Amino acid sequence: MKKVFLILSIYTFFVFAVCMGGTFFYGHIPALLPGAEKSFCFLRGLQWFLTCLPAILLSGFIVACSVHWQKNIRDSRKRFSQAMLGRYRNVLIISLGLVFVLSMNNEIFLPSVRNKIRVMKNEPGELSHAVDTASMLLNQNRPVLAWQYAQKATAIDPNDPVANHVLKRALDAVELARDRERRMDSAIYLTPVQEEKPLHAKDHSYSVSELVQLAKKAVAEENWFNAHYWANLAVEACSGTDTNFPQATEIASLAWNKLNRPSPYERESVNEYYAKKKEAYNALNAGDSLRAYYIFHSLSGEYTSDPDLLRFETLAREDVEGQFFFTDEVESIPQMANSHNIYFTLESPDGGRMIFFIKHAMSMRRDGGLVRYLDDVTMVQYTRAGDFVRSMHVPAAKVIFQSVSAFDKTYLEENGILKEWKNVPLLILQSVDRNTEGLVNKPVYSYEETGLPEKYMEQLGFRVMGKNVTVESTSVASAPKTSWRGKMSEPNILVLPMPYADFALLTDASLGPASMNLVALSDFITKSTRYGFAEELFTENFLCRLLYPLFMLVLCLVCAIVGWNYRIEDDKILFRFIWLLFIPLLSVVVFVALEFLVYFFNVVNFVIVGGFGTSALAVAFVIYLVLFVLFSIVFVGRKM
Amino acid sequence: MKPYIKNALMVALTFFAMSIIVTFACALLFMMYTICTHLVSGQTVTAFDRVIFIEGLLSVAPLVLMMSSVFMIMYMIRHPLLHWLPLVIYAVLYILAWSIFIPAIFTLEKHFEQQGIMSTVDYGHLSSDYFRQYEDLVIFYSRVERGNLASGVCIDVNATYDTTYSFSNVRLPVSEGGFVDNLVKSSVGLSPVVALVIGCIYNLMETARFFMLNGYANWLAFASFGLALMSVAGLRRISRWRIVNLTFVLFFTSLIVVMNVLSFVPSFLTGFETFMNGLLKKVFNYANPILFIMNTFIALALFLTGLLIDIFNHSDDAYLSGGSL
């Protein structure tokens, strides 16, 4: 069998060299970032080689078998000879090795090379998209987002002069906006929401008597903010009959009176500080945590010695993060450069559909948990009957996980959330600047259909009902419907009725089943229809990939049979080097044959999936196993 | 039984058995593919459709018979024997296929078509609630009514701004590249190599039908293609390594098919062909005489090559007993 390996190895290396030489001679390099041409050529050559690898290995295997079985075959004059069984064992061992290499190629090598080539081809487009978007956002006076897109552009190509120029413009614009906003008052209306808040959770974990003790301690230290805070928590925590209730109420009332003294300090600057702190504290108590956050944040820069400030700023920030996110959190947008478009649907509790499209998404660990930042989010809502309701667009959003246990039973039922999901995604659609009040990105809701531009109508071959395609207007195919404007709330936070973990699956599923790994794919199959993906496509892909090794094993056996049937005629003839020149020709024949066989493999599997549903895998496995046994018998039954 | 008689009988058996098995297998695949082209995502697949299967049998049988020479040559390469009988049986069967079997099947197919027995595609409407990708556009139909009247969302995944459009009351095309549902096409659509080969075969079969409908004389002229294919048997013993012989036979068969297809469809050969046919039409009274001459020339060349190989190279092979050619 040494000769077999030698022939296979030399031939494989030869084809690799041909592919590498070919890709550099071929030219036809698409638009790439400067300096990426050589890497692209190498990857393209590698892709050619890996695409041809099954044909190379199988034709090499045929050649090797037919050379190897030129001699010492007189022990197989009868069918099903012992010698043939020995050969079958060797063929199986080599075939398993080949199948392993081919399966790895199919699952890992070829997809990753294709993906790298795709990324390289997309980079110029991503760069111009980021630069264009940054410029557009600057023109629209949205400097913070423009700055982030400019950062993304420079991350794709740090040497691009246009991207660097836009980044500088965006930075200047951000500074200008911050200066301007510092001089303006702005009002932001909040929607309370439950959220994971570590400090809140810690404070709420104390018992009533502990809270009363903390309040008493603060009274003794004349720290009235803390005294009021702890006493208030104690009052909230008390049940009607709790013996601590009167004491907690008394301390709260005392602390409140102390806090409302007009000028408690002699120094004017201290009184000003005290007034601001009280204003922030009042805002926090009134639920206006964003305002409270900004005041505490501005004070904490000036008065670093006050430990209360940090505590209250943290409490306010925890509240804010439940309703908004800070635009600078999306600093990871540059890393979204090569992430991709994600789309999925969700069924709303009334049976309607919400269709989501996210331009880019990025996951990262923050505050001990996994959060996702989304770029350019669009949601279109339809009724159960398929009528348009409204659409929503927001340039950036944050996804955090929300424990299902935080919702009561009625909420779960009304929103179609199942308890076993444990966590659901919570989409925060509003973002604010960390330092400057008033720089807000909000979702925009629209209750009118956009219609479909004519260029898309033509591309898709759509026709307006009852007419041929020629329509003068730029936007067609929309119909006035009952407007839902004013009849629905416009939330800034969306709780999505889906398990949080499925978000990662959807990111891959949007690229198609081929881009998912087998574990994720098997997990997604039963969920696919719920998210708007055809189950049979994902099942068929799963089936094809799972049975590919068995299918290739059958083909290896067929190759061994061909190798035996078409071996060198006479064992006395010397091997001629000129014969090897025919191997590439054989590879071409095998390549075309493989293309057909793999295609038929797909079609047959699709029909099996369509016909047998959940038992398709078992049925297909039995079919290929029968083929394997059949060809095994045919091989062992060979004779001279 | 004498080896050459057994060999000749096996050639005949190979012809009949392989033609039948391959025809049935191809008809089955034809049926599966056709079912997929009519399928809409979410529907259950009908595993067997008798009418489409018969249509498949009639469509692929002429092609399989045209290529039956390869099966017989493969047997003769595997079991080499220097005797005239297997070759004569090979030639007789292949000529029979071209002169009787293939025309008979075409006639039967035409008869079935005229009787309205062949399947007519019942294009249903697309299913809603699935994402479908059309190049850079992703479409989600929220509702599809009878007559493919749809509402939904169109997403341009490459657009910088204005990525999402909502629409209603548009009529969708009945089929997309031969498939009713683009989703099914994305899974079982033809790969580029397969599409190229199938395209060649389709052109070949259409041309064969055309010649058949224009009289038996024209059909015989087209059968020069068969003569060229038959003579590929001359290469069956070009070397002592059988895999080389097999590769050569398959390669030359493909070459003859491609050359003939290129002369049937507009290609770089069209100018030369038109000019030559203009001259030859005065002598030969049928379509595409240059092709007839070209195929006859190839057949002659391959036949002589085979004859020379058999006479000079291997006439002293002791184990190829059974008489000399």
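Order of the sequence lines fixes the chain letters, A, B, ..., with proteins taken first and strands second; residue numbering starts at 1 for each chain. Quantities reported herein were computed from a predicted structural model and do not represent experimental measurements.
The ring of A:Phe533 has its center no closer than 6.0 angstrom to the ring center of B:Tyr130. Between B:Phe167 and A:Phe462, a ring centre-to-centre spacing shorter than 6.0 Å is recorded.
Both the backbone and the side chain of A:Leu460 come within contact range of chain B, judged by heavy atoms closer than 4.5 Å. Contacts between A:Arg567 and chain B at a heavy-atom distance below 4.5 Å involve backbone atoms as well as side-chain atoms. With a 4.5 Å cut-off on non-hydrogen atoms, A:Val589 touches chain B through its side chain but not through its backbone. When heavy atoms are compared at a cutoff of 4.5 Å, A:Val604 approaches chain B by way of both its backbone and its side chain. Residue contact with chain B, scored on non-hydrogen atoms closer than 4.5 Å, is absent for A:Val598. Residue contact with chain B, scored on non-hydrogen atoms closer than 4.5 Å, involves the side chain of A:Val380 exclusively. At a 4.5 Å heavy-atom cutoff, the contact between A:Leu585 and chain B is made by backbone and side-chain atoms alike. When heavy atoms are compared at a cutoff of 4.5 Å, A:Phe591 approaches chain B solely by way of its side chain, counted from C-beta outward. At a 4.5 Å heavy-atom cutoff, the contact between A:Glu540 and chain B is made by side-chain atoms alone. For chain B, no part of A:Asn541 is nearby; none of its heavy atoms comes within less than 4.5 Å. With a threshold of 4.5 angstrom between heavy atoms, A:Ser391 does not approach chain B through any atom at all.
For the pair B:Arg143 and A:Phe388, the minimum side-chain heavy-atom distance is 4.5 Å or more. Considering only heavy atoms from C-beta on, B:Phe251 stays 4.5 Å or farther from A:Val588 through its side chain.
Among all heavy-atom pairs drawn from A:Tyr599 and B:Gly189, the shortest one is CE1-O, 3.3 Å. Of all the heavy atoms in B:Arg242 and A:Asn565, the pair that sits closest is NE-O, 3.7 Å. Smallest separation of non-hydrogen atoms from A:Ala534 and B:Ser41: CB-OG, 3.9 Å. Across every non-hydrogen atom of B:Gly152 and A:Tyr382, the tightest pair is O-OH, 2.8 Å. Residues A:Ser66 and B:Ile243 come closest through the heavy atom pair OG-CG2, 4.0 Å. When all heavy atoms of B:Ser168 and A:Glu449 are compared, the pair lying nearest together is OG-OE1, 2.9 Å.
No side-chain donor-acceptor contact under 3.5 Å links A:Tyr566 and B:Asn245.
For the atom pair CZ (B:Phe131) and OH (A:Tyr531), the distance works out to 12.0 Å, reported to the nearest 0.5 Å.
Judged by distance alone, the side chain of A:Glu536 and the main-chain N or O of B:Gly42 form a donor-acceptor pair under 3.5 Å.
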